[in-house]
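Just below is one structure, and these are the notes that go with it.
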Protein chains: 2
Amino acid sequence: MLRNTSWHRGIRPNEDFPMPAKNRYKQAQWRSDSGYSKSAETRKAILRAAIEAFGKTGYGATTTRQIAAAAGVNQPAINYYFGGKDGLYKACTDEILANFVGPLAEVAQQALAAAEAGLDRKGAARQLQELLSALADVMIRSEQVSEAAGFVGREMREPGLAYQALYQNLWAPGIELAARLIATVKGRPDTDAADRVDAIMMISGIAAFVPGQSVSMRIMGWQEAGDAGKALVLTRLSAQIDGWMSSPK
Amino acid sequence: MLRNTSWHRGIRPNEDFPMPAKNRYKQAQWRSDSGYSKSAETRKAILRAAIEAFGKTGYGATTTRQIAAAAGVNQPAINYYFGGKDGLYKACTDEILANFVGPLAEVAQQALAAAEAGLDRKGAARQLQELLSALADVMIRSEQVSEAAGFVGREMREPGLAYQALYQNLWAPGIELAARLIATVKGRPDTDAADRVDAIMMISGIAAFVPGQSVSMRIMGWQEAGDAGKALVLTRLSAQIDGWMSSPK
DNA sequence: ATAAATAATTATCATATGATATTTTTTTAT
DNA sequence: ATAAAAAAATATCATATGATAATTATTTAT
């Protein structure tokens with residue numbers, strides 16, 4: 001399918017700035033109170049709506065009309081801003097990597113640096129708890145990011161257009177780091193299969209409590225995960241870490 | 001939308017009997033070597049293909065044509081046998097409840113009976129390991145059932161037509177039973193929120209290793225979960241159980 | 001203030017999808 | 001062997017979907 005590239009002009013307005021909510025995601029029409037050119041807001045509104053929708057129902061079952069309606073724009077806007085459904089999905093990936101990795105990168109870097117400098121078991125346990133806490137914070141508490149977590153989790157379960165990028169930049173490094181810390185906590189120099197299984201199970205365990213996962217909420221009798229949920233989940237993980245600490249090996 | 005109910009005639013041929021594979025799911029055309037009337041085989045073939053497809057891509061993103069092709073039948077066969085896409089989805093639920101609950105029901109009943117008869121901590125630990133082992137067996141090892149696990153997991157994450165039935169008959173009782181055993185292992189008479197969180201995390205942990213979840217396979221460097229994978233996952237869970245045993249409380 | 005550029009909207013298209021009607025083939029009953 | 005019933009296949013329909021073209025509104029630059 002050939003394309004006259006000319007209409008691709010509007011594809012990348014400038015990004016990154018606050019975006020108040022209105023039509024769920026978009027302000028009233030043609031009002032740019034903020035002084036910014038309108039397009040950037042619209043772009044963000046579409047992105048947020050898309051991340052939520054794709055995360056909930058997946059690429060195939062989500063229609064561009066649904067996203068447009070949720071974002072408060074018309075359906076062709078998606079083509080105008082992102083070149084199509086595919087382009088929008090990839091743009092969601094970039095957005096998530098920017099906003100998701102951000103809060104985690106700091107603590108991950110710190111843990112990694114500490115690990116390379118040589119950690120004792122106790123120190124590794126503390127770093128691991130830091131990491132899991134940051135993860136739970138981002139996945140369970142922050143509403144906006146927990147929607148992103150839904151997107152990421154889905155893509156990891158059923159690989160699609162975003163799989164490669166998310167796996168390489170988020171999932172694999174995250175598991176690797178956790179596994180490495182776990183190995184150190186257990187008193188071994190480098191990671192084995194058991195550590196990786198532990199890492200996967202811990203992170204999957206947190207993922208089971210992102211607010212979108214309504215089953216867990218229902219089982220627990222919670223309306224939303226919130227602080228209490230996060231604390232409880234982390235306590236369980238801490239207990240597991242303590243268990244590794246106390247065993248000799 | 002009105003329906004002339006007459007064409008519903010063929011909706012429920014007799015069920016339950018072995019089904020050899022061919023066109024992935026269906027035998028060569030018009031051959032009923034087995035002596036059974038052909039329709040039951042076709043029905044099963046469609047069901048198996050549907051469970052796999054729905055489990056992988058979900059209700060909305062799975063087309064009846066895809067299912068028909070995988071089953072080796074033509075597209076209208078789905079309407080003929082199940083009255084439509086909805087009916088097929090519900091039929092998948094019934095099929096799963098029959099074939100999934102089956103292998104688990106026995107060990108679950110046993111655990112439940114033991115729990116009510118009064119278990120000591122050690123006994124509860126053994127029962128819990130039994131239960132988790134059976135679960136891992138069914139979810140990780142058995143190919144056919146692990147496809148069903150994909151279906152169930154998806155439905156729990158994004159409730160649809162099958163949610164109610166699967167939640168009530170599978171998920172909730174499973175978590176409740178596990179939580180109860182966990183409480184006993186910890187030395188308490190009845191379950192609290194922490195036990196339920198532990199139960200959810202354990203079962204989610206197993207679910208992370210069903211063969212469909214290719215990320216985990218990739219991280220572990222496995223081609224398929226198989227026996228080794230199941231054993232490793234169970235070892236990790238056992239370690240956790242041992243941790244609870246050794247703590248006083 | 002006006003023209004050019006950008007953003008948003010409406011109208012429409014080709015294709016895919018679930019469903020249905022119709023026809024053909026196979027099986028079963030007599 | 002033949003007729004009736006059941007199963008399978010083909011053809012087709014109405015609707016939904018992603019995409020595009022054409023039009024209108026708004027903003028920006030002069």
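The chains referred to below are lettered A, B, ... by the order of the sequence lines, with proteins before strands, and numbering in each begins at 1.
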With sequence neighbours left out, write down each residue that passes side chain to side chain contact (heavy atoms under 4.5 Å, CB included) with A162(B), or none if nothing qualifies. Y89(B), T93(B), F151(B), E155(B), L166(B)
Start with the C-alpha distance between M201(B) and V233(A), add both sets of side-chain angles, then the distance that settles side-chain contact (heavy atoms from CB on, under 4.5 Å), and finish with yes or no. CA-CA 9 Å; M201(B) 291 180 81; V233(A) 171; 4.1 Å; yes
So, using side chain to side chain contact (heavy atoms under 4.5 Å, CB included) as the criterion, who are the partners of P173(A) when residues are at least two apart? none
Rounded to whole angstroms, how far apart are CG on N74(A) and C1' on dT20(D)? 13 Å
Applying side chain to side chain contact (heavy atoms under 4.5 Å, CB included), can you list everything that pairs with E176(A), at least two apart in sequence or on another chain? T191(A), R196(A)
CZ of R43(A) versus P of dA7(C): gap in Å, rounded? 11 Å
Provide, to the nearest angstrom, the distance between the CD atom belonging to E41(B) and the C1' atom belonging to dA7(D). 12 Å
Identify, with sequence neighbours excluded, every residue that meets side chain to side chain contact (heavy atoms under 4.5 Å, CB included) alongside D227(B). R141(B)
By nearest atom, which of the nucleotides dT20(C), dT9(C), dA8(D) is closest to the Y81(B) side chain? dA8(D)
Would you say a side-chain N or O of T42(B) is under 4.0 Å from OP1 or OP2 of dA7(D)? no
Using a cutoff of under 3.5 Å, can you pull out all pairs of nitrogen or oxygen atoms linking the protein to nucleotides 15-18 of chain C, with atom names and distances?
from    : atom 1 : to     : atom 2 : distance (Å)
dG18(C) : OP1    : T62(B) : O      : 3.3
dG18(C) : OP1    : K85(B) : NZ     : 2.8
dG18(C) : OP2    : T64(B) : N      : 2.7
dG18(C) : OP2    : T64(B) : OG1    : 2.9
dG18(C) : N7     : R65(B) : NH2    : 2.5
dG18(C) : O6     : R65(B) : NH2    : 3.1

Measure the distance from NZ on K44(B) to P on dA7(D) and round it to the nearest whole Å. 16 Å
Expressed in angstrom and rounded to an integer, what is the separation of L88(B) atom CG from dA19(C) atom C1'? 14 Å
Looking only at the side chain of S39(A) (C-beta and beyond, no hydrogens), which of the listed nucleotides dA7(C), dA8(D), dA11(D) gets closest? dA7(C)
Gap between atoms OH and P, on Y80(B) and dA8(D) respectively (whole Å): 7 Å
If the condition is salt bridge (charged side-chain N to carboxylate O under 4.0 Å, His left out), which residues does K230(A) pass it with, not counting sequence neighbours? D137(A)
